[in-house]
Amino acid sequence: MDIDALRTFLAFVDTGSFTRAAQQVCRTQSAVSMQMKKLESDVANPLFVKQGRQLVLSNAGIQLASYAKQLIALHDEAYKQLKTSAGQVRIRLGCPDDYALSILPKITELLHQLIEQLDLQITCASTTELKNQLDQGLLDLIIATRSPSSEEGYFLHASSGVWVKSKEFSYHRDMTLPIAIFMRDCKFHQAAIEGLLKTERQFKVIGCCSSLSALDALVKNHLAIGAIAEISKAESLIIIDDPSLPALPAVDIVLLLANHTHNPISQTMVKQLAEQFVNQDKLVKPPA
């Protein structure tokens with residue numbers, strides 16, 4: 001439905017006269033008549049009925065009047081907000097929790113350097129969920145994990161998988177391993193479980209975590225050892241040097257760009273962003 005036609009319709013509702021309605025919206029009566037016919041066609045119902053010599057609202061017209069007021073109020077509020085923030089570029093960025101402390105701060109800094117009037121909206125979820133949101137047009141850009149053999153996305157950083165423990169955790173090779181791992185869609189989950197089964201190492205899954213903070217909490221409180229990317233390791237944790245533990249895969253961290261039409265960030269900008277990131281001397285390290 002055309003917003004101008006709804007304004008004209010409400011002008012009639014308020015005044016009860018097409019003549020006055022035409023004056024209020026600065027249109028001729030014939031133009032108003034055409035607008036109302038188009039509106040009736042849009043809703044597939046007559047909006048007016050004759051009552052004596054006058055036109056009044058039909059039942060459908062009464063219903064539309066209520067909705068029209070809400071629609072116009074919402075339209076005007078949206079226009080006001082957009083006009084106030086004119087020049088701002090809104091980018092919806094997704095980041096796995098694993099990289100929120102290491103990769104995300106530098107990407108955020110570089111985005112603000114690249115786009116002066118930036119409205120950055122950040123969503124944290126697993127790489128799988130973020131890719132789904134990217135495909136649905138709900139995100140514009142995501143930080144994601146890929147296999148080193150893949151060419152997907154724009155490369156940021158390579159990281160090996162490592163086993164970690166707290167300083168106080170008493171680790172020995174003959175123990176039944178209490179492990180904390182990410183959910184099943186994580187590459188480290190499959191490698192850890194399958195590797196331990198193949199080597200017939202006794203283990204117990206203490207927690208299957210959807211976030212790094214949850215996994216870190218279990219490891220830092222000496223309840224388990226963890227399988228994570230080295231870049232995600234907190235400074236307070238120690239890498240376990242034990243060749244008998246199954247090897248964990250290396251991963252690439254990349255930027256993935258959505259292909260939807262109205263994406264405010266272009267391939268050229270993402271390529272520039274990735275190149276600037278790679279050229280940085282240091283990554284932000286996770287705090288202890």
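Heavy-atom basis, side chains included; hydrogens, waters and symmetry copies ignored.
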Practice task
Could you state whether Leu114 and Val254 fall into the same hydrophobic cluster, counting links through intermediate Ile, Leu, Val, Met, Phe, Trp or Tyr residues with side-chain heavy atoms under 4.5 angstrom apart?
Solution key: no
Problem - Common cluster, Val43/Val13, ILVMFWY with side-chain heavy-atom separation under 4.5 Å - result: yes
Handout entry: side-chain contact (heavy atoms from CB on, under 4.5 Å) between Ile179 and Leu196, worked out
Key = CA-CA 11 Å; Ile179 64 172; Leu196 290 170; 3.9 Å; yes
Practice task
Before giving the answer on side-chain contact (heavy atoms from CB on, under 4.5 Å), spell out for Glu230 and Ile239 the whole-Å C-alpha distance, their side-chain angles and the decisive distance to 0.1 Å.
Solution key: CA-CA 9 Å; Glu230 186 173 4; Ile239 295 175; 3.8 Å; yes
Handout entry: CA sep, side-chain torsions, deciding dist, call: Asp135, Gln133, side-chain hydrogen bond (donor to acceptor under 3.5 Å, both in side chains)
Key = CA-CA 5 Å; Asp135 293 342; Gln133 293 188 41; over 6 Å; no
Handout entry: Heavy-atom side-chain proximity of Ile181 to Ile206 below 4.5 angstrom
Key = no
Exercise for the section: Please lay out, stage by stage, how Asp185 and Thr127 fare under the test side-chain contact (heavy atoms from CB on, under 4.5 Å). Expected result: CA-CA 9 Å; Asp185 59 354; Thr127 289; over 6 Å; no
Handout entry: Gap between atom OG of Ser159 and atom CG of Leu248 - 0.5 Å precision
Key = 10.5 Å
Exercise for the section: Run the salt-bridge test on Lys220 and Glu168 with the 4.0 Å N-O cut-off and return the result as yes or no. Expected result: no
Problem - Derivation and outcome, side-chain hydrogen bond (donor to acceptor under 3.5 Å, both in side chains), residues Ser211 and Ser213 - result: CA-CA 5 Å; Ser211 73; Ser213 57; 3.1 Å; yes
Exercise for the section: Examine distances only and state if a side-chain atom of Arg92 and a backbone atom of Leu138 form a donor-acceptor pair shorter than 3.5 Å. Expected result: yes
Practice task
May I ask you to decide if Glu152's main-chain N or O and Arg146's side chain share a donor-acceptor pair within less than 3.5 Å?
Solution key: yes
Practice task
Examine the side chains of Gln35 and Thr8 and answer whether a donor and an acceptor come within less than 3.5 Å of each other.
Solution key: yes
Handout entry: Atom pair NE2/CD of His112 and Gln117 - distance to nearest 0.5 Å
Key = 11.0 Å
Problem - Contact check, side chains of Ile225 and Val219, non-hydrogen atoms, under 4.5 Å - result: no
Exercise for the section: Would you give the length of the straight line joining atom CD of Gln267 to atom CD of Gln272, rounded to the nearest 0.5 angstrom? Expected result: 14.0 Å
Handout entry: Side chain to side chain, Pro264 and Asp140, heavy atoms closer than 4.5 Å
Key = yes
Problem - Flag side-chain contact, heavy atom, 4.5 Å: Ile103 against Cys95 - result: no
Exercise for the section: Output yes when a side-chain donor or acceptor of Trp163 lies under 3.5 Å from a complementary backbone atom of Asp242, and no otherwise. Expected result: no
Exercise for the section: Check the surroundings of atom CG in Asn59: do more than 12 heavy atoms from other residues, nucleotides or ligands lie under 6.0 Å from it? Expected result: no
Practice task
State whether the side chain of Arg201 and the backbone N or O of Pro246 hold a donor-acceptor pair below 3.5 Å, judged by distance alone.
Solution key: no
Practice task
Run the salt-bridge test on Lys38 and Asp2 with the 4.0 Å N-O cut-off and return the result as yes or no.
Solution key: no
Exercise for the section: Please work out which of the three classes, parallel, tilted or perpendicular, describes the rings of Phe18 and Phe12, given edges at 30° and 60°. Expected result: parallel
Problem - Thr145 OG1 to Phe188 CZ distance, which is reported to the nearest 0.5 Å - result: 7.5 Å
Problem - From CA spacing to verdict: side-chain contact (heavy atoms from CB on, under 4.5 Å), Asn132, Glu129 - result: CA-CA 5 Å; Asn132 288 336; Glu129 175 58 28; 4.1 Å; yes
Problem - Heavy-atom pair of closest approach, residues Ile3 and Ile72 - result: CD1-CG1, 4.0 Å
Exercise for the section: Say whether Ile91 and Phe277 are linked into one hydrophobic cluster, either directly or through other cluster members, by side-chain heavy-atom distances under 4.5 angstrom. Expected result: yes
Practice task
Kindly work out whether a path of hydrophobic side-chain contacts (I/L/V/M/F/W/Y, heavy atoms less than 4.5 Å apart) joins Leu10 to Leu55.
Solution key: yes
Handout entry: Asp98 CG to Cys186 SG distance, which is reported to the nearest 0.5 Å
Key = 6.5 Å
Practice task
Verify, without hydrogens or angle tests, whether Lys271 (side chain) and Glu275 (backbone) share a donor-acceptor contact under 3.5 angstrom.
Solution key: no
Problem - Backbone N/O of Tyr99 and side chain of Ser232: donor-acceptor pair under 3.5 Å - result: no
Practice task
Look at the side chain of Ser66 and the backbone N and O of Gln63, then say whether any donor-acceptor pair between them is shorter than 3.5 Å.
Solution key: no
Exercise for the section: Check Leu57 against Ala65 and note the closest heavy-atom contact, atom names and distance. Expected result: CD1-CB, 4.4 Å
Exercise for the section: For Thr268 and Ser266, run side-chain hydrogen bond (donor to acceptor under 3.5 Å, both in side chains): C-alpha distance rounded to whole Å, both residues' side-chain angles, the deciding distance at 0.1 Å, then the answer. Expected result: CA-CA 5 Å; Thr268 301; Ser266 66; 4.5 Å; no
Practice task
Please check if the side chain of Thr176 supplies one atom and the backbone of Gln202 the other of a donor-acceptor pair under 3.5 Å.
Solution key: no
Handout entry: Lys233 to Ile228 - nearest heavy-atom pair and separation
Key = CA-CD1, 3.6 Å
Problem - Pair Lys37 + Glu40, salt bridge at N-O below 4.0 Å - result: no
Handout entry: Sequence-distant partners of Gln51, side chain to side chain contact (heavy atoms under 4.5 Å, CB included), two or more places apart
Key = Val56
Practice task
Please examine the side chains of Thr19 and Val32, heavy atoms only from C-beta on, and report whether any two atoms are closer than 4.5 Å.
Solution key: no
Fill in the blank from the handout: Heavy-atom nearest pair, Pro96 first then Leu130, reads N-CD1, 3.5 Å
Problem - Heavy atoms of other groups near Gln113 CD, more than 12 under 6.0 Å - result: yes
Handout entry: Ile253-Leu256 co-clustered via ILVMFWY side chain contacts under 4.5 Å
Key = no
Handout entry: Approximate separation, where rounding is to 0.5 Å, of Leu134 CG and Leu257 CG
Key = 7.5 Å
Handout entry: Note, Arg7 side chain near His75 side chain (heavy atom, < 4.5 Å)
Key = yes
Problem - Over all atoms of both residues, closest heavy-atom pair of Ala191 and Ala247 - result: CB-O, 4.3 Å
Exercise for the section: Decide if atom CD of Gln190 counts as having more than 12 heavy atoms of other residues, nucleotides or ligands within a radius under 6.0 Å. Expected result: no
Problem - Side chains of Thr28 and Ser30, donor plus acceptor under 3.5 Å - result: yes
Exercise for the section: State, to 0.1 Å, how close Ala158 and Asp252 come at their nearest heavy-atom pair, and which atoms those are. Expected result: CB-OD1, 3.6 Å
Practice task
Decide yes or no for His189 and Cys208: does some side-chain heavy atom of the first lie under 4.5 Å from some side-chain heavy atom of the second?
Solution key: yes
Exercise for the section: Evaluate the side-chain proximity of Val164 to Ile240: yes if any heavy-atom separation is below 4.5 Å, no if none is. Expected result: no
Practice task
Check whether any side-chain N or O of Asp97 sits under 3.5 Å from a backbone N or O of Ala125 as a donor-acceptor pair, and report yes or no.
Solution key: no
Problem - Backbone N/O of Val49 and side chain of Ser58: donor-acceptor pair under 3.5 Å - result: no
Handout entry: Matching residue for Leu255 among Ile265, Ile107, Ile142 - test: side chain to side chain contact (heavy atoms under 4.5 Å, CB included)
Key = Ile107
Fill in the blank from the handout: Sorted by chain and number, sequence neighbours left out, side chain to side chain contact (heavy atoms under 4.5 Å, CB included) with Met175 holds for Phe169, Tyr171, His172, Leu177, Pro178
Practice task
Verify the neighbour count for atom CZ of Arg173: are there more than 12 heavy atoms of other residues, nucleotides or ligands below 6.0 Å?
Solution key: yes
